[in-house]
Structures are given as structure tokens and as C-alpha cells.
2 protein chains.
Amino acid sequence: MTSPRPLRADAARNRKLLLAAAADEFDVRGLDVSVADIARRAGVGKGTVFRHFATKDDLIAAIVLDRIAALTETGGELLNAPDAGAALLEFLSVVAREMQHFDLVYLQRAAELVPELSRAQERLFRHVHVLVERARSYGAVRADITGADVVALMCAPKHAASSLPDAPPDLWQRYLAIIFDGLRPAGAHPLPQPPPSSP
Amino acid sequence: MTSPRPLRADAARNRKLLLAAAADEFDVRGLDVSVADIARRAGVGKGTVFRHFATKDDLIAAIVLDRIAALTETGGELLNAPDAGAALLEFLSVVAREMQHFDLVYLQRAAELVPELSRAQERLFRHVHVLVERARSYGAVRADITGADVVALMCAPKHAASSLPDAPPDLWQRYLAIIFDGLRPAGAHPLPQPPPSSP
DNA sequence: CAGTAACCTGACCATGCGGTCCGGTTATGA
DNA sequence: TCATAACCGGACCGCATGGTCAGGTTACTG
């Protein structure tokens with residue numbers, strides 16, 4: 001349905017190069033990088049970009065779509081994990097590690113433009129809801145925490161960490177731990193601390 | 001020192017109008033609004049903007065500077081509050097309420113451009129450090145929480161809340177409570193919940 | 001190996017931006 | 001009231017960006 005004819009060899013290659021270059025560039029320099037820069041980085045003419053993606057937003061959407069899909073798969077695998085609390089935490093770790101500059105505010109905007117992205121987003125959020133629901137009845141998070149809450153807080157660790165100028169690259173883990181602690185029932189066992197360097 | 005001659009009446013009026021219009025516009029539509037739009041909203045020609053602020057960044061800096069100063073004052077008043085934990089929480093509430101689109105990542109960038117802003121930022125952060133230090137020895141936050149942590153997480157509540165499309169305007173309070181809970185020592189008394197509607 | 005359609009390229013266009021400037025206007029104070 | 005300097009406005013400039021297109025190039029097919 002999607003491909004009445006397979007892509008030509010060079011076209012397929014360029015498409016991959018473009019997606020990789022764009023993903024890199026977006027992560028490092030934000031979504032404002034020019035299409036020309038992306039094309040140059042991919043070793044390709046600017047026109048080629050617009051041959052594969054009708055608009056710059058479509059290019060971004062394609063990348064976001066990939067990541068959303070990957071996260072959705074991860075979420076799906078965790079849906080039946082025995083420890084629902086650990087499953088939710090693991091999921092949030094993957095989200096934080098994967099999501100760079102693509103925080104939710106942009107995702108919302110992009111989803112309005114590309115209906116396919118909107119659907120993918122919905123699938124992901126549905127998984128989050130289930131993960132939260134299970135973690136709740138498991139007693140790992142407070143009773144009043146909803147899926148929407150976790151969605152809203154999903155990108156906070158990375159965002160907070162990146163707002164400090166010279167922070168270690170794994171600082172987000174610290175903030176994820178803090179926020180996850182804030183979701184726990186009162187008096188619950190705290191998060192197992194990351195292994196200390198020295199005994 | 002700053003004014004060898006007071007501003008002319010119309011000039012002063014236009015300056016205020018511009019600051020107000022710009023602050024509004026930035027909060028609602030983000031920092032990408034064009035200078036022309038701001039001028040139009042203030043009922044003023046575009047040239048007038050650049051007469052008062054040499055560059056768009058200077059305009060933004062002026063607004064941010066105002067807010068930073070206000071927050072610094074608030075922080076100063078709380079430095080000697082009897083309940084250090086409540087003081088820190090109160091401070092974070094004010095920050096979240098005041099800061100709209102001006103999250104830290106932009107603040108950092110702007111501070112690099114305008115040295116005065118950088119100094120103001122430093123003053124504010126110094127207050128945060130003291131507030132955190134006091135809250136720590138007061139037992140309201142964990143021993144390993146630093147001022148930098150709180151600075152990084154300062155804007156998270158508002159940011160998280162604003163990432164949900166149709167959220168109540170006070171949702172950030174909920175996320176501030178969650179994050180602040182995550183800062184508490186293990187097993188500490190949870191945050192006093194917002195007053196329930198029904199007795 | 002040839003014919004062809006898919007593909008690539010970079011010059012080109014339209015647009016919107018920050019910032020400049022000069023002719024006209026207005027507040028001010030003597 | 002009048003002279004003047006401060007101020008205002010909006011046409012204008014240079015530049016960067018997203019997007020288009022004609023013409024040359026290249027991978028597939030028979």
C-alpha cells in the first residue's frame with residue numbers, strides 16, 4: 001500500500017543518510033537548523049531533501065515517528081513485566097535517554113500537522129497509561145497519579161539536566177530518580193540509589 | 001549615572017507600553033514573535049522599538065532582568081523565614097508562577113549576551129543555594145540535594161504542565177508538589193496537600 | 001546495451017526577519 | 001509662544017530560510 005514500486009538504490013541510500021544527518025543535527029543544534037545544513041551534512045543537494053520529504057516539518061515528523069515507534073515497542077515489552085514499578089521506571093529511563101530536543105510541546109505541535117504522528121503518539125500514551133495503572137495497583141506510585149501526569153513529567157529529567165550549562169551527561173538519571181520518588185506513596189521505600197563509586 | 005536627563009513623557013510611556021506588550025506576547029506566543037508584531041501590539045512603530053532597545057535580545061533581556069530582580073527580592077525576603085522547608089517551597093511557587101516561557105536554557109543563552117543579566121542571574125542563584133542549604137539542615141530536603149539541583153528543577157513544574165494541551169492553569173502546582181516530594185528525605189512527612197474542597 | 005523513468009543538483013524565487021534611517025512630529029523649557 | 005532637541009514612524013536594506021524547477025545524471029528493465 002505504501003510502495004507501489006520499491007525505491008531506487010541511490011534514493012534509498014540518500015534517504016537513510018538524510019534521516020541520520022537530520023536526527024544528529026536536530027539533537028545537537030535544535031530544530032532550527034536549516035535544511036541546507038542538513039543536506040550538506042548528509043552530502044546531498046538541498047533539492048534532494050525536498051524530494052524525499054515534501055516539507056521540513058515532514059522530515060521532522062519522520063524522525064519523531066521513528067522514535068515514538070521505538071518507545072512504543074519498548075513500552076509494549078514492559079506491559080507484562082512482573083515488577084510494575086520497575087517497569088515504569090525502566091520505561092521512563094528509555095524515554096529520557098531517547099528523547100533529546102523533542103520534548104512534548106514540539107510533539108504536540110507536530111502531531112497537529114501530521115495525523116499519522118498523532119496516532120502514533122496516542123498509541124504511545126496508551127501504553128504509558130497502562131504502565132502507570134499497573135504501577136499504581138502494584139503500589140509503586142501514589143493512587144492519585146494518572147497517566148497524563150507521567151506523560152507530562154516524562155521529559156522533565158532530560159530537560160532539567162540540559163538546563164545546567166556544564167552538567168555530566170548522566171545527570172538526568174538523578175532527576176529521574178527524584179521525580180520518580182515524588183510519585184511514590186508516602187513513606188514508601190526510596191529508590192535504590194545508583195551504585196556508589198567507592199565502597 | 002543611568003540617566004543624565006529624564007526620559008521625555010511620550011518616550012517613557014512608549015517604553016512601558018513596549019515592555020508590557022513584549023512580555024505578554026513572549027509569554028503567550030514564545031520568544032519567536034517578530035519585533036514588528038510587538039510594536040503593532042504596543043501601538044507603536046517598529047523603529048520605536050529599536051530606539052529603546054538596541055536589539056531584540058536587549059528587549060528580551062530587559063524583561064527577563066525585571067523578573068529575575070523580582071524573584072531575587074522574593075528570595076531575599078525568605079532567607080530568614082523560620083520554616084526553611086516552607087520557605088523553599090514558597091520560593092519555588094513564586095518562580096513557577098512568574099516564569100512563563102523563560103526557562104533556564106534561554107536564560108543561559110541570554111546571560112552570555114548581556115553581562116548585567118548574568119550578574120543578576122548569579123545573585124538569584126546565590127539565594128537559591130542559601131535557601132536549599134537551610135532547608136537541608138532543617139531536614140526538609142535530602143542531604144545530597146544541592147542548590148544546582150533545585151536551579152535545574154526550578155522550571156520543571158511549569159514546563160511539564162504546559163506540555164499538556166488542555167490542562168488546568170494551576171496544574172503546575174501539582175507537579176511542584178510531586179517534585180518537591182522527591183526532594184524530601186526518605187520517609188519524611190509528605191507535602192501538606194492543598195486544602196480539600198470539602199471538610 | 002540502449003532507452004527511459006526515476007533521481008539529483010544547485011541556481012533561483014518569495015517571504016519574513018532584525019535592524020537602519022531620514023523626514024516629519026511633539027514635548028519641553030525659556 | 002517659539003526654537004530646538006528628542007522622539008516617532010514606516011519605508012527600506014541585507015540576509016537567511018523554506019521551497020521550486022529545469023536540465024543533467026544514474027540506476028533499472030527488457
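The basis for the numbers below is simple: all heavy atoms, side chains too, and nothing from hydrogens, waters or symmetry mates. Proteins come first, then strands; the chains are lettered A, B, ... in the order of their sequence lines, and each starts at number 1.
- Counting any heavy atom pair closer than 4.0 Å across all strands shown, B:Ser34 reaches sugar-phosphate atoms only and no base atom.
- Within a 6.0 Å sphere centred on CD of B:Glu77, heavy atoms belonging to other residues, nucleotides or ligands number more than 12.
- Which of D:dC7, C:dC8, D:dA27 sits closest to the side chain of A:Asn14 comes down to C:dC8.
- Residue A:Val44 is in sugar-phosphate contact alone, with no base atom involved, counting any heavy-atom pair closer than 4.0 Å across all strands shown.
- Residue contacts shown for A:Lys56 are limited to sugar-phosphate atoms, with no base heavy atom under 4.0 Å away.
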Are there any protein N/O atoms within less than 3.5 Å of an N/O atom in nucleotides 23-26 of chain D, and if so, which ones and at what distance?
{"unit_1": "D:dT26", "atom_1": "O2", "unit_2": "A:Arg8", "atom_2": "NH1", "d": "3.1"}
{"unit_1": "D:dT26", "atom_1": "O2", "unit_2": "A:Arg8", "atom_2": "NH2", "d": "3.3"}

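- Distance check: A:Leu89 CG to A:Ile179 CD1 gives 11.5 Å after rounding to the nearest 0.5 Å.
- Distance CD1/A:Ile60 to CG/A:Leu113: 10.0 Å, rounded to 0.5 Å.
- Closest to the side chain of A:Phe50, from the set D:dA27, D:dT20, C:dC8, is D:dT20.
- The structure places OG1 of B:Thr72 at 10.0 Å from CZ of B:Arg126, a figure rounded to the nearest 0.5 Å.
- Mapping A:Ala36 and B:Gly43 onto DNA chain D by nearest heavy atom places B:Gly43 closer to the 5' end of the strand.
- Nearer to the 5' terminus of DNA chain D, by closest-nucleotide assignment, is the contact made by A:Val35 (compared with the other of A:Val35 and A:Gly47).
- The side chain to side chain contact (heavy atoms under 4.5 Å, CB included) check on B:Tyr175 picks up A:Asp149, A:Ala152, A:Leu153, B:Pro157, B:Ala160, B:Ala161, B:Leu164, B:Leu171, B:Ile178, with sequence neighbours excluded.
- Nearest to the side chain of A:Ala9, among C:dT28, C:dC12, D:dC28, sits D:dC28.
- With C:dC7, C:dC17, C:dA27 as the candidates, the nucleotide lying closest to the side chain of A:Ala11 is C:dC7.
- More than 12 heavy atoms of other residues, nucleotides or ligands shown are found within 6.0 angstrom of CG on A:Asp170.
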